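Report on the following structure.
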2 protein chains.
Amino acid sequence: MDNQEIRKAGLKVTLPRVKILELLEASVPRHVSAEDVYKMLLEKGEEIGLATVYRVLTQFEAAGLVTRHNFEGGHAVFELDRGEHHDHIVCVLCGKVEEFMDATIEERQKEIAAEHGFEMEDHSLIIYGRCNNSSCPGRE
Amino acid sequence: MDNQEIRKAGLKVTLPRVKILELLEASVPRHVSAEDVYKMLLEKGEEIGLATVYRVLTQFEAAGLVTRHNFEGGHAVFELDRGEHHDHIVCVLCGKVEEFMDATIEERQKEIAAEHGFEMEDHSLIIYGRCNNSSCPGRE
DNA sequence: CTCGTAATGCAAAAGATTCTCATCTCTCTT
DNA sequence: AAGAGAGATGAGAATCTTTTGCATTACGAG
């Protein structure tokens, strides 16, 4: 059960934390903002404050349970960390997000970091483009 | 002179815009936030409002004169666009930023976007790591 | 040089995230 | 199972970044 994940992170197993983790696992939209989580909880009838959502999400991030992304738009989005690393492609027109993972790029990044005297710890790669989704606005 | 750059962007050549562009060209810290620009202008005795700094920076971005980056930390940073695209390596300990450009990665990105049915428009690649700078804190 | 439009400054607004603090609830201990 | 203490929560205030409204001012075409 999820509870172990929370406990392992050194956090008390409380209702807000369990509910938020469950919600992330249901992973409906893969990338959700704190506000999204808050609203989804409200819709489910859970009375969890926005401040708590932010706190819990930040704690989950510190514990390595979720990853925070700074896509453009002024607010951060979170996604459950399922172990496998991946990068993102975001449609600048409709906001659709797809994930990918490319060994070639991953490898080159480590080399580049080394060439600059850095030890790579993490990275963020986001490709912005126009998707060919039929429901995507701005298509001629 | 810079004025042409501004004019070409379809903007009037006003004192705030000229001063901000000059400041970006002096490129002291390569990556500055709107707040940074505002303070630097104040120090130089220029009475330019923060709102104007934001407006001008946004216009410059739209005109392709500067690029806006969403590094982590809740605020955006801008840098003068000198034509050549490049990505960044940021030290998680001291915040130092270095730039790099790798043809292999650039190429793969286009391919990946295409594989996902996207037409790449732009991308953001940031490598986070620990630098080996002697003045970098957190070195054992 | 004069006028109309676009730009600026200020202050208020808006959006996102954090903090304060009184209250509540896990968990560990008897 | 009951109690104590540390840690967590909720509501709202506070903070920070960025945007907007509006009256005033400054470009630049004619």
Side-chain angles (χ1 to χ4, degrees), chain A residues 1-23 31-42 44-63 65-79 95, chain B residues 1-23 31-42 44-63 65-78:
Chain A
M1 57 193 64
D2 317 333
N3 303 10
Q4 291 317 306
E5 308 251 38
I6 296 174
R7 209 180 297 276
K8 257 187 289 180
L11 302 169
K12 280 197 203 170
V13 179
T14 60
L15 191 138
R17 299 216 254 244
V18 171
K19 289 300 175 190
I20 291 174
L21 187 50
E22 274 178 6
L23 197 159
H31 304 81
V32 292
S33 67
E35 190 76 33
D36 291 336
V37 171
Y38 175 64
K39 283 185 188 141
M40 290 163 99
L41 288 170
L42 275 190
K44 289 185 152 206
E46 302 294 343
E47 290 293 332
I48 296 176
L50 181 54
T52 299
V53 173
Y54 273 103
R55 270 186 299 237
V56 171
L57 250 16
T58 300
Q59 293 159 341
F60 281 2
E61 184 196 14
L65 286 175
V66 307
T67 302
R68 178 197 304 254
H69 297 288
N70 293 296
F71 291 169
E72 35 194 51
H75 63 281
V77 295
F78 300 80
E79 82 176 302
Chain B
M1 58 192 67
D2 317 333
N3 303 10
Q4 291 316 308
E5 308 252 37
I6 297 174
R7 208 179 301 274
K8 256 187 288 180
L11 302 168
K12 279 200 205 170
V13 178
T14 61
L15 191 138
R17 299 215 254 240
V18 172
K19 289 299 175 189
I20 292 175
L21 187 49
E22 274 177 7
L23 197 159
H31 305 79
V32 293
S33 66
E35 190 75 32
D36 291 336
V37 171
Y38 175 63
K39 284 186 189 143
M40 291 162 99
L41 288 171
L42 274 189
K44 289 185 154 207
E46 302 293 343
E47 291 293 330
I48 297 177
L50 181 54
T52 300
V53 173
Y54 273 103
R55 271 186 295 235
V56 170
L57 250 16
T58 299
Q59 293 159 342
F60 281 2
E61 184 195 12
L65 287 175
V66 306
T67 303
R68 178 197 304 255
H69 297 287
N70 293 295
F71 292 170
E72 34 195 52
H75 62 282
V77 294
F78 300 80

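Residue numbering restarts at 1 for every chain, and letters A, B, ... go by the order of the sequence lines. Source: prediction; values computed, not measured.
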Does the side chain of V32(B) reach to within under 4.5 Å of the side chain of V77(B), using non-hydrogen atoms? no
Can you see if the side chain of Y54(B) gets near the phosphate of dT18(D) - specifically, an N or O under 4.0 Å from OP1 or OP2? yes
Please identify the 5'-most and 3'-most nucleotides of DNA chain C with any atom under 4.0 angstrom from a heavy atom of chain B. dT5(C) to dA11(C)
Assess the residue pair L21(B) and F60(B) against the criterion (side chain to side chain contact (heavy atoms under 4.5 Å, CB included)); give the C-alpha distance rounded to whole Å, side-chain angles, the decisive distance to 0.1 Å, and a yes or no. CA-CA 9 Å; L21(B) 187 49; F60(B) 281 2; 4.0 Å; yes
Expressed in angstrom and rounded to an integer, what is the separation of R7(B) atom CZ from dG28(D) atom C1'? 9 Å
Show the numbers, then the answer: is there a side chain to side chain donor-acceptor pair (under 3.5 Å) between H69(A) and E79(A)? CA-CA 8 Å; H69(A) 297 288; E79(A) 82 176 302; 2.6 Å; yes
In sequence, state the C-alpha distance, the side-chain angles, and the governing distance for T58(A) and R68(A), and then conclude on side chain to side chain contact (heavy atoms under 4.5 Å, CB included). CA-CA 8 Å; T58(A) 300; R68(A) 178 197 304 254; 3.4 Å; yes
Euclidean distance, T52(A) OG1 relative to L57(A) CG, rounded to 0.5 Å: 11.0 Å
Nearest 0.5 angstrom please: K8(A) NZ to N3(A) CG, how far? 11.5 Å
Can you tell me how far CG of L23(B) sits from NZ of K44(B), rounded to the nearest 0.5 angstrom? 5.0 Å
Position toward the 5' end of DNA chain D (nearest nucleotide), R68(B) or V13(B): R68(B)
Could you walk me through whether R17(B) and L11(B) pass the side chain to side chain contact (heavy atoms under 4.5 Å, CB included) test, one step at a time? CA-CA 9 Å; R17(B) 299 215 254 240; L11(B) 302 168; 3.7 Å; yes
Footprint string (nucleotides 5-16 of chain D, 5' to 3'): B base within contact, S backbone only, - free, heavy atoms under 4.0 Å: -BBSBBBB----
State, to the nearest 10°, the angle formed by the axis through the first five base pairs of the helix from dC1(C)-dG30(D) to dT30(C)-dA1(D) and the axis through its last five. 30°
For E46(B) and M40(B), what are the C-alpha separation, side-chain angles and deciding distance, and is it a side chain to side chain contact (heavy atoms under 4.5 Å, CB included)? CA-CA 9 Å; E46(B) 302 293 343; M40(B) 291 162 99; over 6 Å; no
Can you measure from CG (L15(B)) to CD (E22(B)) and round to the nearest 0.5 angstrom? 8.5 Å
Separation of dT18(D) atom P from N70(A) atom CG, nearest Å, is 12 Å
